[in-house]
Number of protein chains: 2
Amino acid sequence: MKQEDKIETEQLILEAAKKVFIEKGYAGARMQAIADEAQINKAMLHYYYRSKEALFSKILDSTVAIMAKQILPVLSGKGTVMEKVELLVGNYIDTITENPHIPMFVLNELAQDQVNFQEKMVAQMQNDDVFSKFMMQIMAEQKQGLLLPVAPHHFMLTVMSLIIFPFIAKPIFTGVMNIPEFMYMQMMQERKQIVIEIIKKSFVK
Amino acid sequence: MKQEDKIETEQLILEAAKKVFIEKGYAGARMQAIADEAQINKAMLHYYYRSKEALFSKILDSTVAIMAKQILPVLSGKGTVMEKVELLVGNYIDTITENPHIPMFVLNELAQDQVNFQEKMVAQMQNDDVFSKFMMQIMAEQKQGLLLPVAPHHFMLTVMSLIIFPFIAKPIFTGVMNIPEFMYMQMMQERKQIVIEIIKKSFVK
DNA sequence: TTTAAGTTTAACCGTTTGGTTAGTACAATA
DNA sequence: TATTGTACTAACCAAACGGTTAAACTTAAA
């Protein structure tokens, strides 16, 4: 049927584009490669999504949304800083294990900023100033004596480093240091506990 | 004079190529942009370095060499694990502060691996199995009771995360969270102490 | 059964890309 | 001074690129 075919094709294109863009980056991605991946004609890409930029923009939006909907509710929810961090670590590692290319993709495009990506991130992330409020909570718990008096910026940067970087560094382990895939995956699971312990020892009184 | 001009031009091209490649990545870099940056004719690039790939390869080699000569001597030198880590943290943060795009560049090209980059890293890094030996040292100090019994892989991954990621995340802070450049630079200097403290609290008995 | 609207295709287009070429300018050599 | 080798340039080329077009096909409604 017509309507269903259309929706199928649209979805097919999105998935193919996601794969190619995330693997190759914006500059390295080829419209023909996306068409091949989706097993459709190249003209269809422009029929459904006007241009390469427009298609890329869609992928970027949905990718950021995946992460935002994973992170923002936790940060703005109830619980102590450490309870939130524990949730974050688990959630994030599980989500990224399923889409391991996302962090590299986001950070790379953010660094090169070819498609006014920053504004989109700002729009998604500064919703209700979730980050500012979380930093306020950190400072509050520091005054209460629950957390050590380390600058909130450094606290957040540390948490981010510990959970995001291992996925960016995957090729170093599997490629350069020759650690097999399954062992790397196992490490990522072990990370959950290790990261939480590191943060507790470093920032909790 | 002829000879001097040649050396000057060669160097000019290398510096221009380094800038453009590191900022834009291999796929995003344009030979014309490199020529413009070096204020020379585009044909000169091919006169001195046969192709885009060849030129890129040169840049990649020298970039990896910069990092390797910063890291390998420390790891294979004398001193306890923690003494080595303290040296590494300081050296690395200072080196990268001067070339802030290097980590993103290396990790991105490693992930996309368009130019058999992995082999080069392996060749540079597995010199004398420096990493294996360092991991052995970690295990030895754990048996001595100097370090807590955490898997050496996780120890190294943690150290790498804490010192490399902050530079990759720069656009998040300056762009998305709107933290001014000088404040970010100040954070990177403060990091030296903070990272060392985190590692001590997390891994030293 | 006709019609109109939406979907898909092949073939094509203009531009940009990495790369080449034929030739110029000039310094060193003999 | 004639010659030779090297640094450099403008002009060009074929291929790859993102994007368009016009026509064919499919389907649902009139």
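Each chain gets a letter, A, B and so on, in the order its sequence line appears, and its residues count up from 1. Only a predicted model underlies this, so the values are computations on that prediction, with no experimental measurement involved. The figures that follow rest on heavy atoms only: side chains count, while hydrogens, waters and symmetry mates do not.
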Quiz item: Who pairs with B:Lys42 by salt bridge (charged side-chain N to carboxylate O under 4.0 Å, His left out), at least two apart in sequence or on another chain?
Solution: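 Per chain and number, B:Lys42 pairs via salt bridge (charged side-chain N to carboxylate O under 4.0 Å, His left out) with no residue.
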Integer-rounded Å distance: [N] [atom2] and [X] [atom1]:
X       : N      : atom1 : atom2 : result
A:Leu45 : C:dA10 : CG    : P     : 14 Å
B:Tyr47 : C:dT24 : OH    : P     : 17 Å
B:Leu12 : D:dA7  : CG    : C1'   : 14 Å
A:Phe21 : D:dG18 : CZ    : P     : 9 Å
B:Lys52 : C:dT20 : NZ    : P     : 15 Å
B:Asp36 : C:dT17 : CG    : P     : 11 Å
B:Met31 : C:dT20 : CE    : C1'   : 12 Å
A:Gln32 : D:dA15 : CD    : P     : 17 Å

Practice problem: Check whether more than 12 heavy atoms from other residues, nucleotides or ligands sit under 6.0 Å from atom CE of B:Met82, and answer yes or no. | Solution: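 Correct, the count exceeds 12.
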What is the nucleic acid contact for [X], judged by heavy atoms within less than 4.0 Å: base, sugar-phosphate only, or nothing?
X       : answer
B:Ala33 : nothing
A:Met44 : base
B:Ala29 : sugar-phosphate

Expected rows: protein N/O vs nucleotides 12-15 of chain C N/O, under 3.5 Å:
none

Self-check item: Side-chain donor-acceptor pair present, B:His154, A:Glu190, cut-off under 3.5 Å
Solution: yes
Quiz item: Cation over ring, A:Lys52 on A:Tyr26, under 6.0 Å and within 45°?
Solution: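 Cation-pi check for A:Lys52 and A:Tyr26: passes.
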Quiz prompt | Residue closer to the 5' end of DNA chain D, A:Asn41 versus A:Arg30 (nearest nucleotide) | solution =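 Checking each residue's closest nucleotide, the 5'-ward one belongs to A:Arg30.
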Which nucleotide in [options] has an atom nearest any side-chain atom of [X]:
X       : options               : result
B:His46 : C:dT20, D:dC8, C:dT9  : C:dT20
B:Tyr48 : D:dG18, C:dT21, D:dA7 : D:dA7
B:Ser51 : C:dT8, C:dT21, C:dG19 : C:dG19

Quiz item: Does B:Thr9 have a side-chain nitrogen or oxygen under 4.0 Å from the phosphate oxygens OP1 or OP2 of D:dC8?
Solution: yes
Quiz item: Does a side-chain N-to-carboxylate-O contact under 4.0 Å join A:Glu10 and A:Lys58?
Solution: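 Answer for the salt bridge query: no.
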Self-check item: A:His153 side, atom NE2; B:Tyr184 side, atom OH - distance, nearest 0.5 Å
Solution: 12.5 Å
Exercise. Tell me, please, which residues at least two apart from B:Glu83 pass side-chain contact (heavy atoms from CB on, under 4.5 Å).
Key: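 B:Glu83 satisfies side-chain contact (heavy atoms from CB on, under 4.5 Å) with B:Thr80 once adjacent residues are dropped.
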